[in-house]
Q: 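Take a look at the following structure, please.
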Amino acid sequence: AQSVTQPDIHITVSEGASLELRCNYSYGATPYLFWYVQSPGQGLQLLLKYFSGDTLVQGIKGFEAEFKRSQSSFNLRKPSVHWSDAAEYFCAVDTTSGTYKYIFGTGTRLKVLA
Amino acid sequence: DAMVIQNPRYQVTQFGKPVTLSCSQTLNHNVMYWYQQKSSQAPKLLFHYYDKDFNNEADTPDNFQSRRPNTSFCFLDIRSPGLGDAAMYLCATSRDAGETQYFGPGTRLLVL
């Protein structure tokens, strides 16, 4: 069955430190891949997406993600975290089969220490 | 700016009292989705519309219904809310299948 795994439920980093959030998926082909961020009490905001082409994708707010087919991964990175990045981050996969359905990971909650 | 709007942002209802949540979009997208998100969980798809075609997820309770009177608006009706229906309800849109979904800010539902 198709699935998305975000192994880290909580991550704490210091402001200014680098960040990597992990996402692994299980799917027979290359899906469409997304990262969303959700601040408390808010909806989901798209950070970046991968459909095809260059495997290093740039997004908003200084985030980037790298698609690695061999590892079935789409990890999110940021070189220097700001306090305002504290939020919940969701990885999502669209299996491109026309099912209209995202498969979401369970999310990673990021805490930033001043 | 083109966007997805949800009203109200917060809704309090009583156990068993019907409630309707609203979503509108200025993106002119074909597909509109309703998700339920409980605390510290991923969003769970309830159903979606492709244009006027309604698609219900197999595990969505009958208590949840939806209407899409035109391209811009979509409503979520909860016929008899239970305490377990307290959650954030997210509306999203996409131009077509396999395309990026854009989310509204959500409606937080509290059931007393």
Side-chain angles (χ1 to χ4, degrees), chain A residues 1-11 21 23-25 27 29-52 57 59-60 65 74 87-111, chain B residues 1-11 21 23 25 27 29-51 53-60 87-110:
Chain A
Q2 298 132 5
S3 65
V4 177
T5 302
Q6 292 181 246
D8 304 304
I9 298 173
H10 297 279
I11 282 186
L21 303 183
C23 174
N24 293 94
Y25 66 89
Y27 182 57
T30 300
Y32 296 161
L33 297 156
F34 305 85
W35 274 101
Y36 286 85
V37 61
Q38 185 177 34
S39 297
Q42 302 296 316
L44 276 69
Q45 181 182 21
L46 179 70
L47 285 175
L48 45 77
K49 60 188 176 184
Y50 173 78
F51 284 6
S52 64
V57 180
I60 63 170
F74 189 56
E88 185 133 27
Y89 291 79
F90 290 97
C91 180
V93 159
D94 186 314
T95 57
T96 72
S97 61
T99 61
Y100 301 89
K101 184 184 290 191
Y102 275 6
I103 301 170
F104 279 97
T106 50
T108 297
R109 185 169 295 278
L110 174 65
K111 182 177 180 179
Chain B
D1 288 340
M3 56 197 304
V4 181
I5 301 161
Q6 290 189 244
N7 287 303
R9 295 293 312 278
Y10 300 92
Q11 177 73 58
L21 309 182
C23 177
Q25 53 132 340
L27 298 159
H29 283 172
N30 290 316
V31 193
M32 295 188 76
Y33 310 78
W34 279 104
Y35 289 86
Q36 179 192 63
Q37 185 182 27
K38 296 190 175 179
S39 182
S40 301
Q41 295 183 21
K44 177 181 180 297
L45 182 64
L46 295 174
F47 26 59
H48 75 270
Y49 273 94
Y50 186 98
D51 196 11
D53 293 333
F54 178 71
N55 297 271
N56 200 31
E57 292 299 300
D59 57 354
T60 298
M88 173 77 91
Y89 290 88
L90 297 166
C91 175
T93 75
S94 69
R95 189 170 56 179
D96 206 334
E99 300 207 21
T100 304
Q101 293 187 25
Y102 295 92
F103 286 79
T107 295
R108 169 82 57 191
L109 177 68
L110 180 63

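Bear in mind that the values here come from a model prediction, so they are computed numbers and not experimental data. Lettering follows sequence order; numbering is per chain, from 1.
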Q: Search all heavy atoms of A:Gly105 against all heavy atoms of B:Ala42 and return the closest pair with its distance.
A: O-CB, 3.2 Å
Q: Donor-acceptor check, side chain of A:Tyr102 to backbone of B:Gln101, threshold 3.5 angstrom: yes or no?
A: yes
Q: More than 12 heavy atoms of other residues, nucleotides or ligands under 6.0 Å from CZ of B:Arg9: yes or no?
A: yes
Q: What residue, out of B:Gln6, B:Gln37, B:Lys44, has the most heavy-atom pairs lying under 4.5 Å from chain A?
A: B:Gln37
Q: Is it the side chain or the backbone of A:Leu46 that comes within 4.5 Å of chain B heavy atoms, both, or neither?
A: side chain
Q: Could you measure the distance from the NZ atom of A:Lys101 to the CG atom of B:Leu45? Nearest 0.5 Å is fine.
A: 6.5 Å
Q: Show the nearest heavy-atom pair for residues B:Pro43 and A:Phe90, with the distance to one decimal.
A: CD-CE2, 4.1 Å
Q: Look at atom CD1 of A:Ile60 and say whether more than 12 heavy atoms of other residues, nucleotides or ligands are closer to it than 6.0 Å.
A: yes
Q: To check you understand the geometry: which heavy-atom pair defines the closest contact between B:Ser40 and A:Arg109, and what is its length?
A: OG-NH2, 4.3 Å
Q: Locate the shortest heavy-atom distance separating A:Tyr36 from B:Thr100; write the atom from each residue and the value.
A: OH-CG2, 4.0 Å
Q: When rounded to the nearest 0.5 angstrom, what distance separates CZ in A:Phe51 from CD in B:Glu99?
A: 6.5 Å
Q: With a 4.5 angstrom heavy-atom cut-off, which part of A:Gln38 approaches chain B: side chain, backbone, both or neither?
A: side chain
